[in-house]
Amino acid sequence: MAYWLFKSETSTWSWDQQVARGDAGEEWDGVRNYQARNFMREMKLGDRGFFYLSQKDRKIVGIVEVCAEAHSDSTTDDDRWDCVDIKAVRSFVTPVTLDQIKADERLTDMVLVKNSRLSVQPVSDCEWRIVCEMGQTNPD
DNA sequence: GCCAACGTTGGC
DNA sequence: GCCAACGTTGGC
């Protein structure tokens, strides 16, 4: 199983909204970046991801699961853009801030640190476990 | 609210 | 196919 990171903003799509969707999940639409799209095309059912809030919040607040593999983005007729569906798995006991991540020597290679603008990113197994531990949250 | 970094577009 | 111009993102 692979791990990922999905970026959102509270004002656009909040963690509360994601949780409220329950197991039905939600289409991760609106991504208009080839790199991010390509990562979504690689995703498999059951893959897990962090739910990160950019801008004001700048922290990881929850864990999500891919509940539909890549399909066309319903918000556009342009067939270049695909997206997956994700559902909330659990909230972080303690959210992990970008500051904490940047301050941790083990996480200096995280895409979030190296390429902060990429809205869908891969996360290594190692990074996954470290961040979950920092958030006192079950990684499985 | 500023601006650096990055991605995309389009003229040549 | 290069690269200047432009638009967007997101940390600060």
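Each chain gets a letter, A, B and so on, in the order the sequences are listed, and its residues count up from 1. What you see is a predicted model; the values in this text were computed from it and never measured.
With values rounded to the nearest 0.5 angstrom, A/Arg117 atom CZ is found 11.5 Å from A/Ser54 atom OG. A distance of 9.5 Å separates CD of A/Glu127 from CD1 of A/Ile101, quoted to the nearest 0.5 Å. Distance check: A/Gln35 CD to A/Leu118 CG gives 5.0 Å after rounding to the nearest 0.5 Å. Rounding to the nearest 0.5 Å places CD of A/Gln100 at 10.5 Å from NZ of A/Lys59.
When heavy atoms are screened at a 4.0 angstrom cut-off, A/Lys102 is found touching the sugar-phosphate backbone but no base atom. Within 4.0 Å (heavy atoms only), A/Leu98 reaches sugar-phosphate atoms of the nucleic acid but no base atom.
From one end of the helix from B/dG1-C/dC12 to B/dC12-C/dG1 to the other, with five pairs defining each end axis, the axis direction shifts by 10° (rounded to 10°).
No hydrogens or angles considered: nothing links the side chains of A/Arg58 and A/Ser116 as a donor-acceptor pair under 3.5 Å. Side-chain atoms of A/Asp16 and A/Ser14 form no donor-acceptor pair, as typed in the model, at a separation below 3.5 Å.
Residue A/Trp15 is tested with A/Val64, A/Ile60, A/Asp57, A/Thr10 for a side-chain contact (heavy atoms from CB on, under 4.5 Å); the sole match is A/Val64.
The nucleotide range of DNA chain B contacted by chain A, defined by atoms under 4.0 angstrom from heavy atoms of the protein and reported 5' to 3', is B/dA5 to B/dT8.
In this pair, A/Phe92 and A/Phe50 present their aromatic rings perpendicular. The plane angle is above 60°, beyond the 30 to 60° band.
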